[in-house]
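Contents: one structure, followed by commentary.
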Amino acid sequence: MRTSQLQITTTKESPADAEVISHQLMLRAGMIRRLAAGLYTWMPLGLRVLRKIENIIREEMNNAGAAELLMPAVQPSELWEESGRWGQFGPELLRFTDRHQRDYCMGPTHEEVITDIARRDLRSYKQLPVNYYQIQTKFRDEVRPRFGVMRSREFIMKDAYSFHASDESLQQTFDDMHQAYTNVFSRMHLQFRPVEADSGAIGGSGSKEFHVLADSGEDAIAYSTEGDYAANLEKAEAICNDVRADATQEMTIVDTPDTKTIQALVDNFNLPIEKTIKTLICHASEESDADLVALLVRGDHQLNEVKATNHPMVKTPLEFATDAEIRAAVGAGPGSLGPVNLAMPVIADRTVAVMSDFGAGANIEDKHYFGINWDRDVESPVVADLRNIEAGDPSPDGKGQLQIMRGIEVGHIFQLGTKYSEAMKATVLDENGKDRLMSMGCYGIGVTRVAAAAIEQNHDEKGIIWPMPIAPFQVAIVPINMKKSDSLRAAADTLYQELKQAGIDVLLDDRDSRAGVMFADMELIGIPLRVVLSDKGLDKGIVEFKGRTDSESTDVARDEIVSLINAKISG
RNA sequence: CGGGGCAUAGCGCAGCCUGGUAGCGCACCUGCUUUGGGAGCAGGGGGUCGCAGGUUCGAAUCCUGCUGCCCCGACCA
């Protein structure tokens with residue numbers, strides 16, 4: 001393609017509302033244009049990237065035995081009523097009514113539609129397993145769309161759904177998808193990590209997220225320095241190998257005016273922070289006898305709200321008690337709370353359970369107990385993993401320590417089990433001629449988000465640095481001063497045709513701009529390879545070659561440039 | 001949904017406090033010169049100053065309401 005056809009419009013400055021680097025660069029490079037909040041047009045340059053990402057995904061899905069189909073973006077409410085999600089899904093589900101006053105939604109995901117397909121088309125266990133996928137536009141009415149296409153409302157997703165007669169079969173396909181995703185992101189030359197994830201409201205037993213590693217990522221990932229363990233911070237298990245030490249102090253009650261925070265307690269009373277406890281009061285679950293329940297974590301630790309929510313004694317979703325509720329139940333407010341003489345169930349983090357001689361609020365305003373010991377001063381609590389792991393914690397697999405890095409979630413694979421097949425009665429006949437619910441898995445990749453994540457991971461002060469497999473063009477031809485030289489124009493055209501013949505995605509900059517402008521634009525839009533043509537060089541039979549990340553260009557014989565580019569592209 | 005901010009040319013901004021009919025840089029058009037890292041000079045086009053009321057002889061500027069957008073938080077199959 002020629003720049004004159006592509007109409008590239010680049011800018012030096014980025015719009016003031018573009019916060020993250022990928023958003024800025026995509027706008028500056030003319031890849032995307034914003035239409036409204038969370039809605040973007042993919043311009044020709046950007047669409048080329050999307051298509052390359054899609055093709056890689058499509059190839060790997062096909063290789064893994066999945067079959068592509070295409071479902072409607074608009075879905076009738078009836079299916080969502082059946083699954084129960086018409087009521088459960090919040091305002092994120094965009095609902096509307098047609099001329100006959102029937103309710104519809106823009107599909108944020110397609111479990112209902114695919115389960116409807118499966119229950120109609122699949123009759124026998126002999127047809128299983130089946131894995132359907134599509135690459136299609138989704139809509140989620142995000143509360144706060146942001147970061148450009150990283151968190152937009154309309155976006156393109158590859159979503160796959162598998163159906164099985166047995167859990168073993170589901171596990172097999174889950175593993176196959178794990179491998180396919182690994183292949184996909186490896187082929188895109190992205191640094192990524194599959195991590196254990198909380199399966200959230202969607203339920204199911206197994207769940208793994210694929211994260212592209214980038215400092216700007218919204219998620220924190222814990223990984224083992226020695227082993228393979230990696231998990232989303234919200235899921236990463238905090239283990240405690242310590243043993244509770246014997247009590248050496250008597251419990252004393254201490255006046256602690258103006259001491260409402262852990263930091264104040266540490267500063268004012270010279271208490272090590274590892275000897276303090278945070279007491280957080282939240283609402284108890286329906287099954288629980290109590291209204292409220294207390295969660296204890298060590299003073300220097302952070303409560304993990306996902307872990308807390310998942311605890312059977314805690315209300316889902318997690319809901320902290322208000323000041324008034326706490327005062328009514330305890331008689332003291334936040335800042336003076338602790339486990340001693342607390343009239344509600346107590347769940348303690350594993351680390352808290354092995355503490356001794358520690359300090360905590362006395363449940364009396366402006367008083368704390370110091371020298372508290374479990375069993376002697378207060379009944380031993382229910383113990384659970386409640387906290388976020390911290391860098392340096394032991395890895396749950398026993399290999400090395402955990403460290404934390406940032407990631408962008410670009411893929412998620414789930415084992416759903418029978419959640420949807422049960423609600424929607426998706427059954428096949430088994431070997432005995434009996435109805436059997438199909439097990440399901442679902443597997444997503446955020447196609448548009450991958451493009452943004454690739455930029456977050458690969459850019460410099462000049463612009464985007466596309467990994468070769470997803471670059472909009474593999475090589476740019478930049479002729480210098482073509483306007484005055486018909487021979488240079490002819491030479492540029494010839495090389496352009498040769499590269500096209502060789503099956504290479506080539507962009508010829510035929511704009512007749514000044515050299516600096518063309519260089520800057522090709523670097524901004526991130527084309528991996530560049531060939532500069534000039535009369536001066538061609539007279540000597542030479543062209544200049546430069547990779548996007550090379551510091552200097554090198555002279556290459558004109559006769560050898562095509563094979564050199566071929567070699568660079570193939571790796 | 002709670003808190004904060006912004007809205008003036010395609011983009012980035014000034015002007016507003018102290019009312020007098022809109023300006024700068026980039027981009028765009030024309031001409032000349034220039035031509036290997038975002039050229040120079042000269043000329044030019046483009047804005048109902050987010051919308052609707054109000055105050056005033058006069059409103060981008062002051063007042064009221066609305067809308068949109070952004071940031072932080074909550075939320076995120």
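Just so we're on the same page: letters track the sequence lines, and every chain starts at 1.
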Quiz prompt | Check: A/Ile455 and A/Met31 side chains under 4.5 Å, non-hydrogen atoms | solution =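 Yes, their side chains come closer than 4.5 Å.
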Quiz item: Do A/Leu27 and A/Ile32 come within less than 4.5 Å of each other through their side chains, counting heavy atoms only?
Solution: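 Result yes, sub-4.5 Å side-chain heavy-atom pair found.
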Mate of [N] where both pairing distances stay under 3.5 Å, Watson-Crick or G-U:
N	result
B/G73	B/C1
B/A39	B/U33
B/C28	B/G44
B/A9	none

Quiz prompt | CG/A/Asp539: more than 12 non-hydrogen atoms of other groups inside 6.0 Å | solution =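 Result for CG/A/Asp539: enclosed.
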Lys/Arg N to Asp/Glu carboxylate O, [X] vs [Y], below 4.0 Å:
X	Y	answer
A/Asp385	A/Lys307	yes
A/Asp535	A/Lys484	no
A/Arg119	A/Glu82	yes

To the nearest Å, how far apart are [X] [atom1] and [N] [atom2]?
X	N	atom1	atom2	answer
A/Leu538	B/G36	CG	P	16 Å
A/Glu13	B/C24	CD	P	16 Å
A/Arg33	B/C11	CZ	P	10 Å
A/Met482	B/U34	CE	C1'	18 Å
A/Lys483	B/C32	NZ	P	10 Å
A/Leu27	B/A27	CG	P	18 Å
A/Gln24	B/G12	CD	C1'	13 Å
A/Asp509	B/G37	CG	P	15 Å

Quiz item: Can you tell me if A/Lys278 uses its side chain to pair, donor with acceptor, with the backbone of A/His301 under 3.5 Å?
Solution: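 Side chain of A/Lys278 to backbone of A/His301, a donor-acceptor pair under 3.5 Å: yes, one is there.
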Please report the distance separating the [atom1] of [N] from the corresponding atom of [M], rounded so that it comes out in whole Å.
N	M	atom1	answer
B/A60	B/A52	P	13 Å
B/C63	B/C17	P	9 Å
B/G53	B/G25	C1'	36 Å
B/U56	B/G50	P	23 Å
B/G2	B/A14	P	29 Å
B/G73	B/C66	C1'	26 Å
B/G46	B/G23	P	13 Å
B/G4	B/G65	P	15 Å

Quiz item: Looking only at heavy atoms, which two atoms of A/Gln457 and A/Leu190 are closest? And how far apart?
Solution: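 Closest approach of A/Gln457 to A/Leu190, heavy atoms only: OE1-CA, 3.5 Å.
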Quiz prompt | Smallest separation among heavy atoms of A/Met438 and A/Phe163, with atom names | solution =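 Shortest heavy-atom contact: SD-CB, 3.9 Å.
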Kindly give the atom pairs (protein nitrogen or oxygen, nucleotide nitrogen or oxygen) under 3.5 Å for nucleotides 69-75 of chain B.
| from | atom 1 | to | atom 2 | distance (Å) |
| --- | --- | --- | --- | --- |
| B/C71 | OP2 | A/Arg144 | NH1 | 3.3 |
| B/C72 | OP2 | A/Arg144 | NH1 | 3.0 |
| B/C72 | OP2 | A/Arg144 | NH2 | 2.7 |

Reckon [X] touches a base, only the sugar-phosphate, or nothing at all at heavy-atom distances under 4.0 Å?
X	answer
A/Arg530	base
A/Thr9	nothing
A/Pro108	nothing

Quiz prompt | Earlier contact from the 5' end, RNA chain B, for A/Asp535 and A/Phe89 | solution =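 Checking each residue's closest nucleotide, the 5'-ward one belongs to A/Asp535.
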Quiz item: Given that A/Glu544 and A/Met157 both sit by RNA chain B, which one's nearest nucleotide is further toward the 5' end?
Solution: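 Upstream on the strand: A/Glu544.
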Extract from the structure each pairing of a protein N or O with an N or O of nucleotides 38-44 of chain B at less than 3.5 Å, listing the distance.
| from | atom 1 | to | atom 2 | distance (Å) |
| --- | --- | --- | --- | --- |
| B/G38 | O2' | A/Lys12 | NZ | 2.7 |
| B/G38 | O6 | A/Arg28 | NH2 | 3.4 |
| B/G38 | N1 | A/Asp521 | OD1 | 3.4 |
| B/G38 | N2 | A/Asp521 | OD1 | 2.7 |
| B/G38 | N2 | A/Asp521 | OD2 | 3.4 |
| B/A39 | OP2 | A/Arg514 | NE | 3.2 |
| B/A39 | N9 | A/Arg514 | NH1 | 3.4 |

Quiz item: Does a side chain donor of either A/Asp175 or A/Gln179 reach within less than 3.5 Å of an acceptor in the other side chain?
Solution: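 No pair is found: no donor N or O on one side chain lies under 3.5 Å from an acceptor on the other.
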Quiz item: Does A/Arg449 count as lying over the ring of A/Phe155, i.e. NZ or CZ under 6.0 Å from the six-ring centre, within 45 degrees of the axis?
Solution: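 Judged by the rule, A/Arg449 and A/Phe155 form no cation-pi pair.
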